[in-house]
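For reference, the structure is listed below as structure tokens.
Hydrogens, waters and symmetry mates are skipped; everything else that's a heavy atom, side chains included, is used. Here the structure is a predicted model, which means the values were calculated and not measured. Heads up: numbering here begins at 1 and tracks the sequence.
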Amino acid sequence: LRRAYEEDDGTSDWDADATDAMAEIWRELWQAHPWSDLVKDPPAAFLTTDDRTTLTLTIAAAGTSVAATLSATVATSLAGSKIKPSGKNWYARITAHTAATAALTLDAAPEAVTAGTACTIFQDEYDLASDLGVFVDGLWRQDGDFVTLVSEEELKRRYPGVPPAGKADVFCRLTRRKIRLSHYPTSVERYEYPYCYEPADPSGSGTLVIGAHLRPVYLHGVLAELLNMKLDKRAGDERQRFEQGIEKAVIYESRRRTGLGQIARRTTAPRYGA
């Protein structure tokens, strides 16, 4: 406010607008680059769910939101899992199930399933951290194998139809929090995932979570937005300082991650004739 030639004691007509500008530029700043200040420490982790192959299934009639019955009750809720009748080339999502009961509701079944049909109940989709922003790389299975992040289209292209059983080699992001594995797990496994979190807007009473080198950059961005609201011709200069500051910060971020030495930056020359 002072740099915009306004009172900073709460009496300025632009006080509320300055607060709005702070929130807007804050969100723009943390989206501009995966800053290491926003990498979650420690990384998050989740456990997969073992598949179930000991129950049988009955579906009286085809349709949407259809009722189905298992051969025995299940102690925990199966809502959110998928079920595949044996010998069929389709699966259905379990949209409703009360723990300790055998009754299910399925999203859609293209045909009836006779009583006593074997089935596989599996879960290949999982909800992750509520503040998940971007993955640092991908998933790391408990055996140390890396699971690559791909687009949903790419995953479906590689594994169309009913997903196979086994260990995932790729995964995709379905929503802000939900992911899908390329294979449904057949045991309980631990997956770890490093990620950058989405920070809350500044409260005004705590230290900003970004590094000190980014705080002047943030100031230029907020001032540019406030001056733009005021139709002040200095807005363009401040915006330029903001964007230049981000460019310099990205270079510094690269040095943070790879150091000042040359080994990490060295490229290997191709063999003769390649």
When every non-hydrogen atom of Gly133 is compared with those of Arg173, the smallest separation belongs to O-NH1, 2.7 Å
If you measure from the Lys or Arg side-chain nitrogens to the Asp or Glu carboxylate oxygens, is any gap between Asp143 and Arg141 under 4.0 Å? yes
Short question: side chain of Ser12, backbone of Asp8 - any donor-acceptor pair under 3.5 Å? no
Point-to-point distance, once rounded to the nearest 0.5 Å, from CG of Leu214 to NE2 of His33: 9.5 Å
Might you work through the ring pair (Phe, Tyr, Trp, His ring centres under 6.0 Å) test for Phe135 and Phe171, ending with a clear yes or no? CA-CA 12 Å; Phe135 291 96; Phe171 78 104; 5.2 Å; yes
Between Ile246 and Val217, is any pair of side-chain heavy atoms under 4.5 Å apart? yes
How about Tyr193 and Trp140: are their ring centroids closer than 6.0 Å? no
Derivation and outcome, side chain to side chain contact (heavy atoms under 4.5 Å, CB included), residues Lys230 and Trp14: CA-CA 9 Å; Lys230 296 182 65 178; Trp14 295 92; 3.5 Å; yes
Check this for me: does any side-chain nitrogen of one of Glu154 and Lys156 sit under 4.0 Å from a carboxylate oxygen of the other? no
Listing request: all ring pair (Phe, Tyr, Trp, His ring centres under 6.0 Å) pairs with a residue in residues 67-94, at least two apart in sequence or in separate chains. none
Note, Ile59 side chain near Leu106 side chain (heavy atom, < 4.5 Å): yes
Short N-O contact, Glu111 and Lys88, less than 4.0 angstrom: yes
Carboxylate-amine/guanidinium proximity below 4.0 Å for Asp127 and Arg177: no
Are Asp15 and Leu1 close enough that some pair of their side-chain heavy atoms sits under 4.5 Å apart? yes
Between Arg239 and Glu225, does any side-chain N to carboxylate O distance fall below 4.0 Å? no
Considering all heavy atoms, the nearest Ala112-Ala60 contact: CB-O, 3.6 Å
Looking only at atom types and distance, does a side-chain atom of Arg52 sit under 3.5 Å from a main-chain N or O of Thr120, one as donor and one as acceptor? no
Any non-hydrogen side-chain atom of Glu189 less than 4.5 Å from a side-chain atom of Lys167? yes
Looking at Glu198 and Arg176, is any side-chain nitrogen of the basic one under 4.0 Å from a carboxylate oxygen of the acidic one? yes
Side-chain contact test, heavy atoms from C-beta onward, threshold under 4.5 Å: evaluate it for Val147 versus Tyr191 and give yes or no. yes
What are the two closest non-hydrogen atoms of Leu155 and Leu181, and how far apart are they? CD1-C, 4.2 Å
Closer than 4.0 angstrom, basic N to acidic O: yes or no for Glu125 and Arg93? yes
Residue pair Leu139 / Phe46, side-chain heavy-atom distance below 4.5 Å: yes
Test side-chain hydrogen bond (donor to acceptor under 3.5 Å, both in side chains) on Thr98 and Thr101 and set out the steps. CA-CA 6 Å; Thr98 302; Thr101 66; 4.8 Å; no
What's the shortest heavy-atom distance between Ser77 and Ala99, and which atoms? N-CB, 3.8 Å
First locate atom CD1 of Ile83, then atom CG of Leu70, and finally report the distance between them rounded to the nearest 0.5 Å. 5.5 Å
Under a 4.0 Å threshold between the charged nitrogen and the carboxylate oxygen, would Glu238 count as salt-bridged to Arg3? no
Whether Asp37 and Arg256 form a salt bridge (side-chain N of Lys/Arg under 4.0 Å from carboxylate O of Asp/Glu) is what I want to check. yes
Are Glu153 and Arg157 close enough, and set up right, to give a salt bridge (charged side-chain N to carboxylate O under 4.0 Å, His left out), and what steps lead you there? CA-CA 6 Å; Glu153 180 182 15; Arg157 186 189 67 80; over 6 Å; no
